[in-house]
Amino acid sequence: MRGLVALLFLGLALAQGVPRVQEMGEREAYWFLVNRTQEVLVVGLPPAALAEALKDKRLTLLLGREAPPSWARGARVIRLGGSPMAGWFLLADGRYFLAPKEGRYVVVESREVVATLYGYFAVALGGSKP
């Protein structure tokens, strides 16, 4: 009986979906952003090499005191106050989380992870997704 219950719980966990995680270099991350994303929330400022890929996206920036860069013209800018952001990450299309990791980039494909992170910023975002 215990084996059946364990198998049932394992099946339910897998039905929820295991987040897909990829590591990629800068060039792969650039093309990922260009080709696979449309709506992007950026917390902090990404490096210029990746920022170019965000020019034509529906873009929301969550910043501290830093000035919005020229590539973000037309973006919705929300100030979190305090000092300039020390790091950065982005959320895209309600399903992707992308962040730097040891000289590379990690992309997590998970609606649950992204929804949780959006939840942390809900007050700043006015209670809705950008």
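A distance of 6.0 Å separates CD of E109 from CZ of R36, quoted to the nearest 0.5 Å. Interatomic distance, CZ of R79 versus CG of L61, reported as 9.0 Å (0.5 Å rounding). A distance of 10.0 Å separates OG1 in T37 from CZ in R58, rounded to the nearest 0.5 Å. The CZ atom of F121 lies 10.5 Å from the CD1 atom of I78; values are rounded to the nearest 0.5 Å.
Considering all non-hydrogen atoms of both residues, L45 and A67 come closest at CD1-O, 4.3 Å. In terms of heavy atoms, D93 sits closest to R111 at O-NH1, 4.0 Å. Taking all atoms of both residues into account, the shortest heavy-atom contact from L50 to W88 is CD1-CH2, 3.8 Å. Of all heavy-atom pairs spanning L117 and F97, the tightest one is CD1-CD1, 3.5 Å. Annotation for R104 and E28: closest pair NH2-OE1, 4.1 Å, computed over non-hydrogen atoms. Considering every non-hydrogen atom in both P68 and V77, the closest pair reads CG-CG2, 3.9 Å.
Not one N or O on the side chain of E52 forms a donor-acceptor pair closer than 3.5 Å with the backbone of A49. Within the 3.5 Å criterion, the main-chain N or O of V34 finds a donor-acceptor partner in the side chain of K57. Side-chain atoms of E66 come within 3.5 Å of backbone N or O of G64 as a donor-acceptor pair.
Atom CG of N35 has more than 12 neighbouring heavy atoms from other residues, nucleotides or ligands inside a 6.0 Å radius.
If you look at F32 and Y105, their ring centroids are not closer than 6.0 Å.
Within the 4.5 Å cutoff, the side chain of L41 has heavy atoms near those of the L62 side chain.
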